[in-house]
Amino acid sequence: MNNADVAAALDEIAELLELRNESTFRIRAYQNASKALTGITEDVRVLADSGRLVDVKGVGKGIAERIEELLSTGKIGYLDDLRREFPAGVRSLLAVPGIGPSLARRAYLELGVQSLEDLKLAAESGRLAELPGLGEKSAQNVLRALGRVSKREHRISIGKAMPLVEELIADLQAVQSLPNLMPAGSLRRWSPTIGDIDLMATSSDPAAVMDAFVNLPQVRQILGHGATKSSVVTDNGLQVDLRIVEEAAFGSLIQHFTGSRDHNIELREYALNMGLSLNEYGITAASTGAVRMFTDEREFYRALGLAWIEPELREAQGEIRAARDGTLPHLVGVEDVRGDLHVHSDWSDGAVPIESMITAAEDRGYAYVAITDHSGGIGVANGLSPDRLIEQMGLVRQLAERHPRIRVLCGSEVDIRRDGTLDFPDEILAQLDWVVASVHSGFNQTEEQMTARIIRAMENPHVDALGHPTGRLIGKREPYAVDLEQVFRAAARTHTALEINSFPERLDLSDRHARRAIELGATLVVDTDAHAPAHLDNIRYGIAMARRAWATADDVLNAYSFDALQAWLRNGEP
DNA sequence: GCCGTTTTCGGCCCGACTGTTTTCAGTCG
């Protein structure tokens with residue numbers, strides 16, 4: 001029973017309350033509590049044992065009692081009662097876009113619908129259209145919605161979405177000059193996964209822009225083609241919307257469409273307390289009805305008494321309060337990165353020779369780079385034996401002399417074995433400048449085993465960083481069970497840097513986890529885990545996660561100068 | 001059901017679109 005399990009139970013209560021047509025505020029309370037538990041790394045059991053559940057914002061006395069019941073008895077009586085009212089199949093209807101709680105409830109209570117299949121039959125037979133308030137069009141919409149369920153396109157990683165959008169923007173700019181053209185939505189917030197793309201622009205000739213947009217070569221399907229908004233699907237299945245507004249409202253427009261939804265909700269609640277109402281067209285004073293418009297998003301926030309909030313922070317995680325108090329962090333940027341400390345070559349599973357990777361790092365203007373090929377335990381990755389590692393060290397030191405503009409560190413990505421020992425003996429590790437330790441096998445260990453295993457590895461004095469700390473592959477593999485609170489505390493204690501791995505399908509640590517790691521005093525290292533020169537460019541995704549984790553340059557080891565890095569390696573301080 | 005730099009009670013984001021109705025409910029983002 002972990003945080004995700006508790007959150008799932010609260011979400012289920014919320015959905016069943018929706019079906020029951022309960023107060024939207026009670027429903028939202030359960031949804032908020034669920035989201036709050038998902039976003040923290042502290043174990044819900046620990047919080048419950050110490051009576052601190054109600055300290056979580058969004059969890060009050062009532063929901064805390066439900067959680068405690070779930071933890072102590074394995075079930076929630078209230079949830080069981082709700083489940084008796086609505087079979088599980090009715091809940092599954094809610095997952096269909098276009099079908100809400102009202103339709104699901106009525107289809108069940110008035111037509112006996114208990115599954116997607118039942119609903120399809122009811123719509124086809126005309127029984128659905130006979131319900132008061134519904135009609136033939138509603139039934140057709142339900143059938144279309146059901147038809148889309150099976151072939152629903154999934155969210156894609158930001159690593160796939162960002163290059164595609166950059167290409168789209170360049171192609172569109174080539175046809176129509178659009179000085180304000182920019183992405184909004186989850187892409188602008190550098191969210192790890194992207195559902196669809198929202199592009200925003202201003203133009204004196206919107207019709208021409210829209211024509212150019214829907215006729216771009218990568219457009220596979222045109223969903224809508226209007227004067228101010230068009231939607232297309234590109235050849236890799238991504239939906240892209242383009243909106244054009246007059247320049248006078250551009251500031252509030254991009255604010256609105258950048259979101260996140262939760263950020264906007266909190267911002268509007270905050271504004272309401274000041275007697276102001278917010279929407280995409282501007283700020284309305286409740287007392288006079290006067291609307292103030294904004295060309296500039298910074299002015300929009302300033303009008304609310306807030307510092308401008310970086311898009312990466314707009315997740316309703318305390319950024320509005322910080323903007324009011326003037327305590328927003330100065331976020332680390334890609335320009336702060338001085339080196340990459342996790343890079344592979346063709347000595348293990350990389351694509352190119354060591355020198356090519358050194359040159360690539362040099363070309364990026366880095367001050368240092370660490371060559372970190374796999375250890376022998378990774379059979380599939382052509383891991384290095386102790387003898388090969390010693391041979392490689394000799395070569396790396398030679399190459400380092402040939403490249404005086406960049407400091408080249410002899411490193412290793414050493415495998416953490418199941419018992420927490422490392423794949424190289426200490427006397428070998430002691431000769432290296434930089435050691436990343438990572439888990440690559442035995443993912444099914446219990447949380448206790450995995451936590452002890454990782455902490456034991458971090459306690460080895462030769463280990464400098466923990467690679468991809470949770471092992472997740474977005475959309476492919478869940479993180480292994482591990483108590484991150486303990487890992488983060490151990491990282492702070494042992495001066496082991498925690499990696500944010502920049503590979504788009506890893507992004508591990510996640511933003512939330514990385515933020516908690518910083519809170520607990522740990523230092524991050526943002527690496528690319530590059531297996532080819534082009535992978536060094538992925539650093540922007542890792543840095544984006546660090547920014548979403550509220551990290552400053554002081555929190556990121558490879559934003560340090562080479563001397564500060566060496567000092568940190570010696571005594572844990574720059 | 002939760003919450004508080006105007007509140008421990010009385011609030012709780014906002015608008016577009018659709019389909020069904022003549023003023024609104026449902027759904028979505």
Side-chain angles (χ1 to χ4, degrees), chain A residues 10 13-14 16-37 53-67 76 78 93-107 128-142 144-145 148 155 184-186 189 191 194-198 223-224 226 228-229 231 239 241 243 245 249 252-253 255-284 286 291 304-306 316 320-321 324-326:
Chain A
L10 297 178
I13 291 176
L16 290 166
L17 291 176
E18 282 191 302
L19 287 173
R20 215 195 213 186
N21 201 20
E22 291 265 354
S23 149
T24 53
F25 304 115
R26 178 173 298 164
I27 293 163
R28 214 176 108 189
Y30 278 96
Q31 290 168 337
N32 285 341
S34 166
K35 239 179 281 183
L37 292 180
L53 278 175
V54 290
D55 292 348
V56 179
K57 192 169 174 290
V59 177
K61 195 160 166 286
I63 291 181
E65 281 176 12
R66 308 253 189 246
I67 295 172
I76 302 176
Y78 181 58
L93 303 181
L94 296 177
V96 182
I99 294 177
S102 172
L103 184 66
R105 174 176 59 250
R106 297 191 58 196
L128 191 66
E130 285 169 11
L131 291 180
L134 297 181
E136 191 48 41
K137 282 195 171 175
S138 303
Q140 290 308 316
N141 283 340
V142 164
R144 265 200 300 277
R148 278 194 299 268
R155 297 177 71 86
S186 51
R189 301 197 313 276
S191 180
I194 309 291
D196 52 27
I197 307 290
D198 290 305
L223 299 174
T228 61
K229 181 190 167 186
S231 292
Q239 181 176 331
D241 297 349
R243 272 167 223 276
V245 288
S252 54
L253 180 89
Q255 195 289 319
H256 177 83
F257 282 104
T258 297
S260 67
R261 177 188 159 84
D262 289 342
H263 172 82
N264 282 354
I265 287 174
E266 199 176 307
L267 193 66
R268 288 180 196 136
E269 284 172 349
Y270 169 80
L272 267 188
N273 283 331
M274 305 168 68
L276 301 171
S277 173
L278 312 180
N279 63 28
E280 56 265 57
Y281 307 110
I283 298 179
T284 307
V291 179
L304 299 171
L306 301 174
I320 292 170
R321 179 181 295 249
R324 185 196 64 197
D325 298 344

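Here the structure is a predicted model, which means the values were calculated and not measured. Naming convention: chains lettered A, B, ... in sequence-line order (proteins, then strands); numbering from 1 in each chain.
The environment of A:Arg20 atom CZ is dense: over 12 non-hydrogen atoms of other residues, nucleotides or ligands sit within 6.0 angstrom.
At least one side-chain nitrogen or oxygen of A:Ser138 sits closer than 4.0 Å to the OP1 or OP2 atom of B:dT20. Phosphate proximity of B:dC12 to A:Thr24: absent, as no side-chain N or O sits under 4.0 Å from OP1 or OP2. For A:Arg268 and B:dC13, the shortest distance from a side-chain N or O to OP1 or OP2 is not below 4.0 Å.
Its glycosidic angle being within 90° of 0, B:dT7 falls on the syn side.
Taking atom NZ of A:Lys137 as the reference point, atom C1' of B:dC17 lies 12 Å away to the nearest angstrom. The separation between A:Glu136 atom CD and B:dG19 atom P is 12 Å, rounded to whole Å. Across the protein-nucleic acid pair, A:Leu276 atom CG and B:dC13 atom P stand 15 Å apart, rounded to whole Å. The distance between atom CZ of A:Arg243 and atom C1' of B:dC17, rounded to the nearest whole Å, is 12 Å. Per the geometry, CZ belonging to A:Phe257 stands 12 Å off P belonging to B:dG15, to the nearest Å. If you measure from atom CD of A:Glu280 to atom P of B:dC14, you get 12 Å, rounded to the nearest angstrom. Whole-Å rounding puts the A:Arg261 CZ to B:dG15 C1' distance at 12 Å. Between A:Arg105 atom CZ and B:dA25 atom P the separation is 13 Å, expressed in whole Å.
Between A:Arg28 and A:Ile99, it is A:Arg28 whose nearest contact on DNA chain B lies nearer the 5' terminus. Both A:Asn141 and A:Thr284 lie near DNA chain B, and the one whose nearest nucleotide falls closer to the 5' end is A:Thr284.
Contacts of A:Arg106 with the nucleic acid, taken as non-hydrogen atoms under 4.0 Å apart, are absent. Nucleic acid contact for A:Leu103: sugar-phosphate only, since backbone atoms but no base atoms lie under 4.0 Å from a heavy atom of the residue. Within 4.0 Å (heavy atoms only), A:Asn279 reaches sugar-phosphate atoms of the nucleic acid but no base atom. Note on A:Ile265: a base of the nucleic acid sits closer than 4.0 angstrom, heavy atoms only. Contacts of A:Ile27 with the nucleic acid, taken as non-hydrogen atoms under 4.0 Å apart, are absent.
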Given A:Leu267 and A:Gln255, is the side-chain contact (heavy atoms from CB on, under 4.5 Å) satisfied, shown in steps? CA-CA 11 Å; A:Leu267 193 66; A:Gln255 195 289 319; 3.5 Å; yes
Please report the C-alpha distance between A:Ile320 and A:His263 in whole Å, then the side-chain angles of each, then the deciding distance to 0.1 Å, and finally whether the side-chain contact (heavy atoms from CB on, under 4.5 Å) criterion is met. CA-CA 8 Å; A:Ile320 292 170; A:His263 172 82; 3.9 Å; yes
Passes side-chain hydrogen bond (donor to acceptor under 3.5 Å, both in side chains), A:Arg261 versus A:Asn264? Steps please. CA-CA 5 Å; A:Arg261 177 188 159 84; A:Asn264 282 354; over 6 Å; no
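Inter-residue side-chain proximity for A:Leu134 and A:Leu103 is flagged as met; some heavy-atom pair is nearer than 4.5 Å. A:Leu19 places a side-chain heavy atom less than 4.5 Å from the side chain of A:Leu94.
Using the Watson-Crick or G-U wobble rule with both distances under 3.5 Å, B:dT8 pairs with nothing in any strand shown.
Separation of the C1' atoms belonging to B:dT18 and B:dT23 is 15 Å when rounded to the nearest angstrom. Here, B:dC9 and B:dC14 have their C1' atoms 25 Å apart, quoted to the whole Å. Nucleotides B:dT20 and B:dC24 have their C1' atoms positioned 9 Å apart, rounded to a whole Å. Here, B:dT22 and B:dG29 have their P atoms 27 Å apart, quoted to the whole Å. The gap from the P atom of B:dT6 to that of B:dG1 amounts to 28 Å, rounded to the nearest Å. With C1' as the reference atom, B:dC28 and B:dC13 are 14 Å apart, rounded to whole Å. Taking atom P on both nucleotides, B:dA16 is separated from B:dG11 by 26 Å, rounded to a whole Å. Rounded to whole Å, the separation between the C1' atoms of B:dT21 and B:dC17 comes to 16 Å.
Within the cation-pi definition used here (under 6.0 Å to the ring centroid, within 45° of the axis), A:Arg66 qualifies as a partner of A:Tyr78.
In the set B:dC13, B:dG15, B:dT27, B:dG15 carries the atom at the smallest distance from any side-chain atom of A:Tyr281. Which of B:dA16, B:dC12, B:dC14 sits closest to the side chain of A:Glu269 comes down to B:dC12.
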Please produce a list of atom pairs where a protein N or O lies less than 3.5 Å from an N or O of nucleotides 3-9 of chain B.
{"residue": "B:dC3", "atom": "OP1", "partner": "A:Gly58", "partner atom": "N", "Å": "2.4"}

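One finds no salt bridge joining A:Lys229 and A:Glu280 here, because no Lys/Arg side-chain nitrogen approaches an Asp/Glu carboxylate oxygen to under 4.0 Å.
Here the rule is salt bridge (Lys or Arg N to Asp or Glu O under 4.0 Å) with A:Asp262, and of A:Arg189, A:Arg268, A:Lys35 only A:Lys35 fits it.
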